There are 2 protein chains.
Amino acid sequence: MAVTLRDIARKAGISTSTASRVLNGKTEKYRISQKTQILVQKAAQQLAYRPNQLARGLRLKKTHTIGLVLPDISNPFFAYVARIIQIHAFQAGYSLFVCNTDENQVTEIKQIELLLSYKLDGLIIMPVGVKYEHILRLVQEHLPFVLIDRSFDEIDANSVVVDNYSGAYKAVEHLIENGHHRIAIIQGLPDTYTNTARVKGYRDALSHYHIPVDPDLIVGNDFRQENGYIETKLLLKLETPPTALFTTSDLITLGALQAIYEEHINVPKDISLVAFDDVDFAPYLLAPLSAVQQPKELMGEIAVKLLINDMRSKGKFDKKRIVLEPKLMIRKSVLRVQASQPVAALSD
Amino acid sequence: MAVTLRDIARKAGISTSTASRVLNGKTEKYRISQKTQILVQKAAQQLAYRPNQLARGLRLKKTHTIGLVLPDISNPFFAYVARIIQIHAFQAGYSLFVCNTDENQVTEIKQIELLLSYKLDGLIIMPVGVKYEHILRLVQEHLPFVLIDRSFDEIDANSVVVDNYSGAYKAVEHLIENGHHRIAIIQGLPDTYTNTARVKGYRDALSHYHIPVDPDLIVGNDFRQENGYIETKLLLKLETPPTALFTTSDLITLGALQAIYEEHINVPKDISLVAFDDVDFAPYLLAPLSAVQQPKELMGEIAVKLLINDMRSKGKFDKKRIVLEPKLMIRKSVLRVQASQPVAALSD
DNA sequence: GCCAAAAGAACAAACGTTTGTTCAAATTAT
DNA sequence: ATAATTTGAACAAACGTTTGTTCTTTTGGC
């Protein structure tokens, strides 16, 4: 059915090897005559030849394809990064295989397994959890890969992440500086790289300003919208509800907004809000949202660069761990509390 | 380097063919003894054997992989549909190859070409434009595919789309019923399936209520945020600006919001707004946004079902064209105009 | 104890490429 | 005119599977 090199060879009256060499620009090395060259080119064009990448990959052990493993493509943050990665990969001559893990460790392992069996040249991974045996396997197999958004301090791998600790710290500090003491955090999936650092940033900011950490105000268990919704509902029902809320992902923020909206609560009058992940629509919300902005473009671009370096150098380069600084965008979702003078930080 | 069937065969002391048959559950047909079976299984396990899908695909002419071609993965609408498709494809045992076309006809052709050379089993496509020769080629090559979100009336193919005409009509009618006459539309990429129908819905709604169509109020040229931003800026600068705005994509809406926000214009007091594509955050905007909601889950699910049917039946099934009805979500972004009684529709 | 039949596993070809090597023809040198 | 050299293209093997066919061994019947 499909047109093969054989068909071209037959049509041009030459052998498949010659056809292959012409089509791959190996004409000088193998001294192919002008005449044969145009003969082959014509035949290929007329038959609309399209090389079979399976056969090619099998023979060459190179597929010019990289895989992207991410937790949730419908999450705007991941989707955006995915697009950046796709663009840069494409520019570099690689196509991209995108896989969703649904924030599920088991699915992640399955998906990586799958990608491996397609013999991709490299992988960009946003790993789900706290386990990394399957990632270690990649190291053993010398498969180039880079971790993005989330990493593991324990393993020596290319990675590009944001300083989640610092971002969270800044966000909470901003709330404190505006006079807030009862600050709740809705965390994402516990034991993920990003979540751990964000929660730690939250705790440390409080501690630094000598505000006791109230365990009732640390809630939530995944990065999804439902989590934001439910936990906000519950927080608002507390006997003394928090005066400020720190949400740790864009979807959590969306869920929180939904709950706040339903309860007819006003931001920032009734509750102040700062989010991790600056979403496109943040400025246009009922209360334009103050948020920690991650350098998404940079992350994607660097990830591709690191991966390509790794693939080209066959692992000879040292692994690099890139940490990018997030930026707090201050808008109008934080109220300066009346008895305001900010709690002074004792000593430094 | 990688473990192959050969390695297993050697380790188990049998031939590769036998190993293959055991691993593929062909034991009864080829009468493999229990003893050999467990021998092979053990060897496979110990060596962490992972079949090479390239070789497999080459031999079997089946890759159990489908491709998704979409205009812009960072567009929330497409990203969401992509996720639904991924989930359903995965459930059905297919992995997914996602490609971005950047709303560019040439890139689209390239990407499809690429996917074809990887010998995928089927394709789900959101085509960019008005040309469809490259799609026709798929028909000729008997490659199962389904068009989603956008289709071509001229070709007989599986497709699942939304009734864009009706959605746009409803949206504009809603504005008219609230007393608006000067209604602007920011269109997407001209000559795309979706855009054409949406603009027609707009025009027909106006005509039906005997409101003249003002060409100055039909603006825009692609589905991106910048387009929404620029055109809104310009519309607001008109000597008599429109009292209402109909945006035809989620990103256009975002751009429009950005412009409106910058100009310190109030929605709906100064301008009413209705959008095509109901975004997650619509309810929580400064003015909770009235929007045309598309059944994204259904679209994705149906697309996968159609594709799987097509792949299973090898094109014996008739092609189906599924049209889904969108729903107008009415929130608070439309002002009832003071001298209000709605313009009556003459006759029916 | 011999032959036929059944059981179990190996052989070999094929999928579509690429590429080192060999082979034949044309060209040049002697 | 013959040998040496260059030019141009074909041959064949390999990548890792799957599968129809063949081959060997075991079993059972008489």
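Chain letters run A, B, ... following the sequence lines, proteins first, then strands; residues in each count from 1. The shown structure was predicted, so the numbers you read here are calculated from the model rather than taken from an experiment.
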| Any donor-acceptor N/O pair under 3.5 Å between C:dG20 base and A:Arg21 side chain | yes
| task | Could you say whether B:Ile14 or B:Leu60 is positioned toward the 5' end of DNA chain C, judged by the nucleotide with the nearest heavy atom to each? | result | B:Ile14
| Donor + acceptor pair across side chains of B:Arg150, B:Thr192 (<3.5 Å) | no
| How long is the line joining CD of A:Gln53 and C1' of C:dG16, in whole Å? | 11 Å
| task | Answer yes when B:Asp102 and B:Arg224 have at least one side-chain N-carboxylate O distance shorter than 4.0 Å, and no when they do not. | result | yes
| query | What is the distance from OH of A:Tyr118 to P of D:dT17, rounded to the nearest Å? | reply | 14 Å
| task | For A:Lys119 and D:dG16, give me the distance from atom NZ to atom P, rounded to whole Å. | result | 8 Å
| request: Answer yes if the side chains of A:Tyr30 and A:Ser17 hold a donor-acceptor pair under 3.5 Å, and no otherwise. | output: no
| query | Within the structure shown, what part of the strands sits under 4.0 Å from B:Thr4 by heavy-atom distance: base, sugar-phosphate, or nothing? | reply | sugar-phosphate
| message | Just the rounded figure in Å: distance from C1' of C:dT19 to CG of A:Leu23. | response | 15 Å
| task | Assign each of B:Leu58 and B:Thr18 to its nearest nucleotide of DNA chain C by heavy atoms, then name whichever residue's nucleotide is nearer the 5' end. | result | B:Thr18
| query | Can you tell me how far P of C:dA10 sits from CZ of B:Arg10, to the nearest Å? | reply | 14 Å
| field | Electrostatic pair A:Lys131:A:Asp191 at N-O distance under 4.0 angstrom | value | no
| Are OP1 or OP2 of C:dA9 and a side-chain N or O of B:Lys35 less than 4.0 angstrom apart? | no
| field | Pair B:Arg137 + B:Glu113, salt bridge at N-O below 4.0 Å | value | yes
| task | For the side chain of A:Asn52, starting at C-beta, report the closest nucleotide among D:dT19, D:dG16, C:dG16. | result | C:dG16
| message | Side chains of B:Tyr118 and A:Thr65: any donor to acceptor distance under 3.5 Å? | response | yes
Can you pull every protein N or O that's under 3.5 Å from an N or O on nucleotides 4-8 of chain C?
unit_1	atom_1	unit_2	atom_2	d
C:dA7	N7	B:Arg31	NH1	3.2
C:dG8	N7	B:Arg31	NH2	3.0
C:dG8	O6	B:Arg31	NH2	3.3

| note | In whole angstroms, the gap separating P of C:dT19 from CG of A:Leu5 amounts to 12 Å
| note | DNA chain D nearest-nucleotide lookup for B:Tyr49 and A:Gln37: closer to the 5′ end is A:Gln37
| Over how many whole Å does the gap from A:Leu54 atom CG to D:dT17 atom P extend? | 14 Å
| Can you check whether A:Lys29 has a side-chain N or O nearer than 4.0 Å to OP1 or OP2 of C:dG20? | yes
| query | Rounded to whole angstroms, how far apart are NZ on B:Lys61 and C1' on C:dA14? | reply | 10 Å
| said: Whether the side chain of B:Ser15 and the base of C:dC11 hold a donor-acceptor pair under 3.5 Å is what I'd like checked. | reply: no
| query | So which of B:Lys320, B:Lys305, B:Lys319 actually passes salt bridge (Lys or Arg N to Asp or Glu O under 4.0 Å) with B:Asp310? | reply | B:Lys319
